[in-house]
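Here is the structure we will look at.
What's counted below: heavy atoms across the whole structure, side chains too, no hydrogens, waters or symmetry copies. So that the names make sense, note that chain A is the first sequence line, chain B the second, and so on, each numbered from 1.
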Amino acid sequence: MCGRFTLTVDAEQLALAFGLVEIPNGWQPRYNIAPTQPVLGVREVENRKGEWMRWGLIPSWAKDSTIGNRLINARAETLAVRPTFRSAFASRRCLVLADGFYEWQSTGGKSPSQPFLFRLKDGAPFAFAGLWDVWRASTGETVLSCTLITCPANPLVGEIHERMPVILDREECWEWLEAHTLSHLMNFLRPYPPEKMEVIPVSRAVNDPTLDAPICIQPV
DNA sequence: CCAGACGTTGTT
DNA sequence: GTCTGG
DNA sequence: CCAGACGTTGTT
DNA sequence: GTCTGG
C-alpha cells in the first residue's frame, strides 16, 4: 500500500517537470507526508494547476469527515465496482505529485517496523494515480480530498511489502486524466517497472508521522 | 420497499 | 485489542 | 503508514 | 449517490 510519501523537490523544479502553470500557496519540500495532511494534486489537463487536497477520500455522501481517515488507498482490482470509488474512477481522477514513497517491513510485532524509501533511479518527481471528491460539511465548509490507487507490488517493492501505489511517469500521466474507456484506464493500473526504481533503507525517524525533516530520507 | 453500509491494510 | 489522528 | 489514546463525573 | 440485505 502507500501510507507515507515524499515531495522534496523545489517548486520551480516541480513546475518545470510537469509543465504546471500554478503551484498553490504554502508549498514547501516534504519528507514525510502522512494521511490527513494536504497533498499536491492536479485534476485537469487543460489548466495544469496544482491544488491542495486532503489525503484520505471523503465521499460526497459521507455524514462526517472521519471516513476519510481510512480511505487513503483504493485497490486497483476493485475500483470499477466498489460503490465508494466507482463514480470517482469514471469521472474524478487526479494526479498526486511525489518523488518517493515509504513502505515498512514488518519486524514481527516487537521492535518498530523498518522503513524503506522507494524512488525513481533518476530522482525525478512522478505522479501517483488518484481519485478525488468534494465533501460539504453541515457548516457549508467544503473539503477537496483524494485517495491513492494501489496495485500488486513489483519484484523490487515485493521484497518489503505486498502492494505498492500506482505510479505514472511524466510522459503518461496526463492520459490518466483524459482517458475515457474503462479498458484504457485499466492499462495504467499496473506495477511500475522495477528496473527504473531504487530502494533505500532509511531512519526510523520517519515512523513518527509528525516529524517532517530531511532525516526521514537519511539512509541507514 | 426501507435501512444501513459504503474501505484498505496487516494480522490471526 | 482497536480506534483515531497526523 | 505509525503513534498514541482508549473514560466518566463533578467542579473550577 | 448507489449497492446490499432483510
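Annotation: proximity of residues 125-146 of chain A to DNA chain E (heavy atom, distance under 4.0 Å) is found for no residue. Of the residues in residues 27-40 of chain A, none has a non-hydrogen atom less than 4.0 angstrom from any atom of DNA chain E. Residues from residues 72-93 of chain A lying near DNA chain E, meaning a heavy-atom separation below 4.0 Å, are A:Pro83, A:Arg86 in numerical order.
When all heavy atoms of A:Val45 and A:Glu178 are compared, the closest pair comes out as CG2-CG, 3.3 Å. Of all heavy-atom pairs spanning A:Cys146 and A:Cys94, the tightest one is CB-SG, 4.2 Å.
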Using atom names, set out every protein N or O paired with an N or O of nucleotides 3-7 of chain D below 3.5 Å, distance rounded to 0.1 Å.
none

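For residues 136-157 of chain A, the side chain to side chain donor-acceptor pair (under 3.5 Å) pairs, not counting sequence neighbours, are A:Thr150-A:Arg163. Here salt bridge (Lys or Arg N to Asp or Glu O under 4.0 Å) pairs that include residues 42-55 of chain A, with residues two or more places apart or in two chains, are A:Arg43-A:Glu51.
Look at CD on A:Gln105: it is 12 Å from P on D:dC2, rounded to the nearest Å. To the nearest angstrom, C1' of D:dC1 lies 15 Å from CZ of A:Phe116.
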Practice problem: Could you provide the dot-bracket string of DNA chain D, using ( ) for intrastrand pairs, [ ] for crossing pairs and | for bases paired to another strand, with Watson-Crick or G-U pairs below 3.5 Å? | Solution: ||||||......
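Cluster partners of A:Leu211, by chain and number: A:Ile215. The rule joins Ile, Leu, Val, Met, Phe, Trp and Tyr whenever side-chain heavy atoms lie under 4.5 Å apart. Listed by chain and number, the hydrophobic cluster partners of A:Tyr102 are A:Tyr31, A:Trp104, A:Leu117, A:Ile200, A:Val202, A:Val206, A:Ile217, where partners are ILVMFWY side chains within reach of under 4.5 Å, directly or through others.
Taking atom C1' in both B:dT11 and E:dG1, the straight-line distance is 33 Å, to the nearest Å. Going from the P atom of B:dC6 to that of D:dC6 covers 26 Å, rounded to whole Å. Taking atom C1' on both nucleotides, C:dT2 is separated from D:dG7 by 15 Å, rounded to a whole Å. Nucleotides B:dA3 and D:dT8 are separated by 32 Å at their C1' atoms, to the nearest Å. Across the C1' atoms, B:dT9 and D:dC1 are found 9 Å apart, a figure rounded to whole Å. To the nearest whole angstrom, the two C1' atoms, one in B:dC2 and one in C:dG6, are 38 Å apart. Taking atom C1' in both D:dG10 and B:dG4, one finds a spacing of 38 Å when rounded to whole Å.
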Quiz item: Hey, mind stepping through A:Phe128 and A:Trp55 against ring pair (Phe, Tyr, Trp, His ring centres under 6.0 Å) and telling me if it holds?
Solution: CA-CA 12 Å; A:Phe128 292 127; A:Trp55 183 13; 8.0 Å; no
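Atom-to-atom distance recorded for A:Leu144:CG and A:Trp135:CH2 is 13.5 Å, nearest 0.5 angstrom. Atom CG of A:Leu7 sits about 10.0 Å away from atom CD of A:Gln13, to the nearest 0.5 Å. How far CD of A:Gln28 is from CZ of A:Arg30: 6.5 Å, rounded to the nearest 0.5 Å. Atom CZ of residue A:Arg92 and atom CG of residue A:Leu57 lie 8.0 Å apart, to the nearest 0.5 angstrom. Taken to the nearest 0.5 Å, the CD atom of A:Glu172 stands 5.5 Å off from the CZ atom of A:Phe188. If you take OG1 on A:Thr78 and CZ on A:Phe85, they are separated by 7.5 Å, rounding to the nearest 0.5 Å.
Within 4.0 Å (heavy atoms only), A:Trp104 reaches sugar-phosphate atoms of the nucleic acid but no base atom.
Under the 3.5 Å distance criterion, the side-chain polar atoms of A:Arg86 are left unmatched by any main-chain donor or acceptor of A:Arg82. When atom types are taken as modelled, the side chain of A:Arg93 and the backbone of A:Leu185 share no donor-acceptor pair closer than 3.5 angstrom.
A salt bridge is defined here as a Lys NZ or Arg NE, NH1 or NH2 lying under 4.0 Å from an Asp or Glu carboxylate O, and A:Asp99 with A:Arg119 fails to meet this definition.
The ring-ring contact (aromatic ring centres under 6.0 Å, His included) test applied to A:Phe118 returns A:Phe101, not counting sequence neighbours. For the ring-ring contact (aromatic ring centres under 6.0 Å, His included) test, no residue two or more places apart in sequence or in another chain qualifies with A:Trp176.
For A:Phe126 and A:Tyr192, the distance between ring centers is not under 6.0 angstrom.
For B:dT8, neither phosphate oxygen OP1 nor OP2 lies less than 4.0 angstrom from any side-chain nitrogen or oxygen of A:Thr150.
Taking 4.0 Å as the cutoff to heavy atoms of chain A, we find the contact window on DNA chain E bounded by E:dG1 to E:dC3.
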